[in-house]
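These numbers were taken from a predicted model, which means no experiment stands behind them.
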Amino acid sequence: MKLYEQIKTVQIIFFALLTGQLIFLFISVYLVQSGNIKLNEDLFLILLMIDLMIVFPAIVLGPMLYRSFLNKAKSGLSLPEKFNMYRQGVIIKLALVEAPTIFSIVSYLLTGSIVFLIIAIGVLVLFFFHKPTIEKFAEDFNIPLSELE
């Protein structure tokens with residue numbers, strides 16, 4: 001299997017995670033705006049503190065774990081082995097960046113506070129910048145693109 005085909009499978013995982021978050025976000029907005037959910041505004045402060053304690057560490061921890069996977073993979077592994085480490089690192093990074101988005105959306109669903117919606121959208125934008133590409137793979141492993149074709 002060529003590397004371009006393998007990167008497509010990682011991109012499918014990325015888009016599946018992104019789509020799931022977007023669908024959950026749109027359904028939550030619809031439910032809150034239509035008034036079909038009983039909101040509990042008393043939970044706002046506690047959920048905001050928890051959300052902030054989740055968002056910042058997850059945003060930092062995901063890329064840190066990804067870099068640790070890269071450091072393991074750089075030491076004398078073959079290209080397929082490097083790509084397997086890359087795939088594992090990307091999936092872990094994406095999952096760690098996805099978690100605060102889901103928590104923010106649930107918090108919005110419970111409280112109806114626009115603050116959680118803004119946090120969720122902000123983390124979604126950040127999530128989008130972690131899209132796996134062949135160029136990022138080549139850059140992370142210092143491999144010329146011409147060598148990957």
Going by heavy atoms in the side chains, are [X] and [Y] under 4.5 Å from each other?
X	Y	result
His130	Pro63	yes
Glu98	Leu94	no
Thr101	Leu25	no
Val115	Tyr108	no
Pro132	Tyr86	yes
Ile102	Gln21	yes
Leu96	Tyr66	no

Exercise. Kindly check if the number of other-residue, nucleotide or ligand heavy atoms within 6.0 Å of NZ (Lys8) is above 12?
Key: no
Quiz prompt | Nearest heavy atoms of Thr111 and Asn40, plus distance in Å | solution = CG2-O, 3.6 Å
Practice problem: For the pair Phe127 and Phe14, name the ring-plane relationship: parallel under 30°, tilted 30 to 60°, perpendicular over 60°. | Solution: parallel
Residues 44-55, side-chain donor-acceptor partners within the protein, below 3.5 Å, at least two apart:
from, atom 1, to, atom 2, distance (Å)
Asp51, OD1, Ser104, OG, 3.0
Asp51, OD2, Ser104, OG, 2.8

Quiz item: Sequence neighbours excluded, which residues qualify as side-chain hydrogen bond (donor to acceptor under 3.5 Å, both in side chains) partners of Asp42?
Solution: none
Quiz item: Taking the six-membered ring for Trp, are Phe116 and Phe103 ring centroids under 6.0 Å apart?
Solution: no
Quiz item: Between Ser34 and Leu31, is there a donor-acceptor pair closer than 3.5 Å when you use the side chain of the first and the backbone of the second?
Solution: yes
